[in-house]
Amino acid sequence: MLILTVVSNFQGGAESNMAVLEVSLPISLPSGYIADKDGFANILIVERVKKVETKNEDTVIIIYFESLTEEDV
């Protein structure tokens, strides 16, 4: 198992509208690794997260936020 920690930075005003974070796994992970969809429940418990999905055969994770503030990231 390989655990990926994603760090982001919000450079907007007080609060954004909907925000999308796309994590492309092939760039930083060895070949053969894919997203563990069972772990998405841990992402979805974050208050502003509305949806989590994958694309490219589960090698890209897309997280949709209702909005973001400086304190959220």
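- Between F65 and I63 the shortest side-chain heavy-atom distance falls below 4.5 Å.
- Taking all atoms of both residues into account, the shortest heavy-atom contact from T54 to K37 is OG1-CE, 3.5 Å.
- Considering only residues two or more places apart in sequence or on other chains, K50 meets the side chain to side chain contact (heavy atoms under 4.5 Å, CB included) condition with E66.
- Under the 4.5 Å side-chain criterion, counting only non-hydrogen atoms from C-beta, E15 is not in contact with L68.
- Residues T59 and Y33 form no side-chain contact, since every pair of their non-hydrogen atoms from C-beta on lies 4.5 Å or further apart.
- E57 pairs by the salt bridge (charged side-chain N to carboxylate O under 4.0 Å, His left out) definition with nothing, not counting sequence neighbours.
- Partners of V46 according to the side chain to side chain contact (heavy atoms under 4.5 Å, CB included) rule, which considers only residues two or more places apart in sequence or in another chain, are V49.
- Here the shortest heavy-atom pairing between S67 and S16 reads CB-O, 3.1 Å.
- Residues I62 and V52 fail the side-chain proximity criterion, which asks for heavy atoms closer than 4.5 Å.
- Residue N42 qualifies as enclosed at atom CG: its count of foreign heavy atoms under 6.0 Å is above 12.
- Two residues are said to be in side-chain contact when any heavy atoms from C-beta on lie closer than 4.5 Å; M18 and R48 fail this criterion.
- Other residues, nucleotides and ligands place more than 12 heavy atoms under 6.0 Å from the CD atom of E22.
- Taken together through direct or relayed side-chain contacts under 4.5 Å among Ile, Leu, Val, Met, Phe, Trp and Tyr, V60 and V20 form part of one hydrophobic cluster.
- The shortest distance between side-chain heavy atoms of Y64 and E53 falls below 4.5 Å.
- Residue I43 holds its CD1 atom at 6.0 Å from CD1 of I61, rounded to the nearest 0.5 Å.
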